[in-house]
Amino acid sequence: MPPPSPRHEIAHLGHVELFTPEPEKSLDFFVRLLGLTENGSDGNTVYLRTWDDYEHHSLKLTAAKTSGVGRTALRASSEEALQRRVVAIEERGLGVGWVDGDAGIGPTYLFRDPDGHELEVYWETERYDPPEHLRPALKTRRRLIRRGGSASAASTTSTTWRRRPRSTAGSSATPSAAG
């Protein structure tokens, strides 16, 4: 019997770590403007959740000297899938080793992609349990929907985003440097 396809062994993106030299401004941005909720902190790191994520956190915001992307976490589809991916990563020589997972995450295998980006893969996860005041009436939702609060913050921004043209197969169109 052939081994399972790696295609189904990574279930989803777990969370991303962002480094920020402006931790208070960044926290305000993600909470007040984008509506994420704080779900704990550890030293210079704050864990944030998107509204209906079932895991402990979706974004890990870490104070640092410069901005950038830290580790990207991937959740395996099972304990067995995690073990098979670790073996495959080690066979390629990209493994760093096992580390204790972040808050809400079990044992985590740290590795690098061919470009040197730090990634981690894990299986065990803590299911989000909202505080009483955020418990939804519908059991299919992880937390109560709260209206208001971020609209006023969003209306104060003057940033204008322009859509870049999409390149299509056979097209020589490329986005301009101006965006």
Side-chain angles (χ1 to χ4, degrees), residues 8-86 89 94-113 115-151 153-154 157:
H8 300 286
E9 298 218 323
I10 299 299
H12 61 85
L13 180 66
H15 60 269
V16 175
E17 178 181 29
L18 295 181
F19 295 136
T20 175
E22 300 281 351
E24 293 303 319
K25 287 181 181 177
S26 293
L27 183 60
D28 181 68
F29 172 81
F30 284 106
V31 172
R32 289 179 23 93
L33 186 65
L34 295 183
L36 277 66
T37 54
E38 203 170 326
N39 195 28
S41 62
D42 183 16
N44 63 348
T45 295
V46 176
Y47 299 103
L48 301 168
R49 292 185 66 261
T50 54
W51 171 66
D52 202 31
D53 194 347
Y54 70 87
E55 292 198 65
H56 180 270
H57 58 282
S58 314
L59 181 69
K60 181 179 173 182
L61 194 58
T62 301
K65 289 182 181 179
T66 61
S67 61
V69 177
R71 288 185 192 157
T72 300
L74 305 167
R75 184 162 189 247
S77 58
S78 69
E79 178 68 35
E80 297 78 16
L82 170 63
Q83 296 304 326
R84 286 189 294 270
R85 289 307 92 216
V86 168
I89 292 165
L94 299 171
V96 174
W98 289 97
V99 296
D100 290 334
D102 287 334
I105 307 295
T108 301
Y109 190 77
L110 181 62
F111 63 102
R112 294 187 185 281
D113 71 7
D115 292 321
H117 298 109
E118 278 193 349
L119 296 122
E120 57 190 34
V121 63
Y122 65 96
W123 161 242
E124 293 177 23
T125 189
E126 172 186 299
R127 297 283 177 161
Y128 176 67
D129 185 26
E132 192 61 41
H133 71 283
L134 292 178
R135 291 192 196 279
L138 294 173
K139 301 296 184 201
T140 58
R141 293 287 175 215
R142 306 237 188 276
R143 77 162 253 213
L144 180 69
I145 298 174
R146 291 197 130 169
R147 302 285 184 211
S150 62
T157 184

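These figures come from a predicted structure and were not determined experimentally.
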Would you indicate whether the side-chain heavy atoms of [Y] and [X] approach each other to under 4.5 Å?
| X | Y | value |
| --- | --- | --- |
| His57 | Asp102 | yes |
| Ser41 | Val46 | yes |
| Tyr122 | Leu82 | no |

Practice problem: May I have the step-by-step check of side chain to side chain contact (heavy atoms under 4.5 Å, CB included) for Glu38 and Leu48, ending in yes or no? | Solution: CA-CA 5 Å; Glu38 203 170 326; Leu48 301 168; 4.2 Å; yes
Separation between [atom1] of [X] and [atom2] of [Y], rounded to the nearest 0.5 Å:
| X | Y | atom1 | atom2 | result |
| --- | --- | --- | --- | --- |
| Glu120 | Arg75 | CD | CZ | 13.5 Å |
| Leu94 | Asp113 | CG | CG | 8.0 Å |
| Glu55 | His15 | CD | NE2 | 8.5 Å |
| Thr37 | Leu59 | OG1 | CG | 11.0 Å |
| Leu18 | Ser26 | CG | OG | 8.0 Å |
| Arg71 | Leu110 | CZ | CG | 4.5 Å |

Looking only at heavy atoms, what is the nearest atom pair of [X] and [Y], with distance?
| X | Y | answer |
| --- | --- | --- |
| Gly101 | Thr108 | CA-OG1, 3.3 Å |
| Ala64 | Phe19 | CB-CB, 3.7 Å |
| Ala81 | Ser77 | CB-OG, 3.5 Å |
| Leu61 | Leu27 | CD2-N, 3.7 Å |

Quiz item: Quick one: ring pair (Phe, Tyr, Trp, His ring centres under 6.0 Å) partners of His12, sequence neighbours excluded?
Solution: Tyr54
Quiz item: Who are the ring pair (Phe, Tyr, Trp, His ring centres under 6.0 Å) partners of Phe111, not counting sequence neighbours?
Solution: none
Quiz item: Where do Leu13 and Leu74 land on the side chain to side chain contact (heavy atoms under 4.5 Å, CB included) test, with the steps shown first?
Solution: CA-CA 5 Å; Leu13 180 66; Leu74 305 167; 4.0 Å; yes
Quiz item: Charged N to carboxylate O below 4.0 Å: is that the case for Arg112 and Glu118?
Solution: yes
Self-check item: Residues that Ala103 engages under side-chain contact (heavy atoms from CB on, under 4.5 Å), provided they are two or more places apart
Solution: Tyr47, His56
Quiz item: Do the numbers put Arg49 on top of the ring of Tyr128, so that NZ or CZ is under 6.0 Å from the six-membered ring centre and no more than 45° off the axis?
Solution: yes
